[in-house]
Amino acid sequence: VFAALGDETRLSLVVRLSKGRPCSISQLSEGFKVSRQAITKHLRVLESVGMVRSARAGRQSLFELNLRPIESIKQYLDLVSEQWDRALFRLKSYVEDEGARKE
Amino acid sequence: LLNVDTNRIEKRIEIKAPVSRVWRALTDHREFGEWFRVKLDGPFVPGQVSRGRITYPGYEHVKWEAVVQKMEPERLFSFTWHPYAIDPEKDYSQETPTVVEFRLEKIPSGTLLIIVESGFDKIPGDRRLEAFRMNDGGWTEQMNNITRHVVQRPQ
């Protein structure tokens, strides 16, 4: 996922898709200097890591963002982060309460 | 959303005690065990494995294992470990560990402690899910928060 986002074009595609509406390749290619083929390739990379899903609509594919992988990383970090908050609070109390006892 | 740094966590806390006192609470294995809630087998030694057992209620079956990296007195203490390695049946040794660094700075009120844990990008997806399953409660709320965050601020 991280490698997939480490490319400017792909990141821009994700930002475009984050508006929430499924887009076709031609819609997504607008404004990019790179070819449609290149855009397609980038979309396939994003699809391979599960960040984007596609569905066929008539003769074209529509792409949309699949936020689950990002959410789970964020959630994991929140979880670890929360554990550190608790541990550091215990450390602070442990050191400061001892100081208070001595005074 | 996309600005979130997914590889590291940084925390800062001010402690009203001298740097030397905080250093001891971090690096004396018995004192570390008091607040971290782990019973360690022996002192921390750079380059050596530190072993013990979690004493946090409900997690007493969980082993603690870390490799001490740096101990620069009153400045830097660091170790590597496998965060949330809480399944006693599982071998985590093949996974890339994360690095935990405690940095100490003297400030007028006492000590500024900065902790950085980094290397999360290498943690396998299934391990992350496992950590959620083991975490007691609060996650539905968190998920709602995140969903709201993602929806409201897509960039």
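Note on naming: letters A, B, ... go to the chains in the order of the sequence lines (proteins, then strands), and numbering restarts at 1 for each one.
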Audit row: A:Lys92, B:Trp35, side-chain contact (heavy atoms from CB on, under 4.5 Å) steps and yes/no: CA-CA 9 Å; A:Lys92 184 179 165 74; B:Trp35 61 269; over 6 Å; no
Gap between atom [atom2] of [Y] and atom [atom1] of [X] - 0.5 Å precision:
| X | Y | atom1 | atom2 | answer |
| --- | --- | --- | --- | --- |
| B:Lys11 | A:Asp85 | NZ | CG | 3.5 Å |
| B:Ile9 | A:Leu77 | CD1 | CG | 5.0 Å |
| A:Arg86 | B:Tyr56 | CZ | OH | 5.0 Å |

With a 4.5 angstrom heavy-atom cut-off, could you sort out which part of [X] is near chain A: side chain, backbone, both or neither?
| X | result |
| --- | --- |
| B:Ile13 | side chain |
| B:Glu117 | side chain |
| B:Phe32 | neither |

Using modelled atom types and a 3.5 Å cut-off, is there a donor and acceptor pairing between side-chain atoms of B:Lys16 and backbone atoms of A:Glu96? no
If Ile, Leu, Val, Met, Phe, Trp and Tyr residues are connected whenever their side-chain heavy atoms lie under 4.5 Å apart, and connections chain through other members, are [X] and [Y] in the same group?
| X | Y | result |
| --- | --- | --- |
| A:Tyr94 | B:Phe77 | yes |
| A:Val34 | A:Leu43 | yes |
| B:Leu112 | A:Leu88 | no |

Would you call the rings of B:Phe102 and A:Trp84 parallel, tilted or perpendicular, where under 30° means parallel and over 60° means perpendicular? perpendicular
Would you indicate whether A:Arg90, at its atom CZ, is surrounded by more than 12 heavy atoms from other residues, nucleotides or ligands within a distance under 6.0 Å? yes
Where do A:Leu91 and B:Leu26 land on the side-chain contact (heavy atoms from CB on, under 4.5 Å) test, with the steps shown first? CA-CA 8 Å; A:Leu91 167 65; B:Leu26 286 173; 4.0 Å; yes
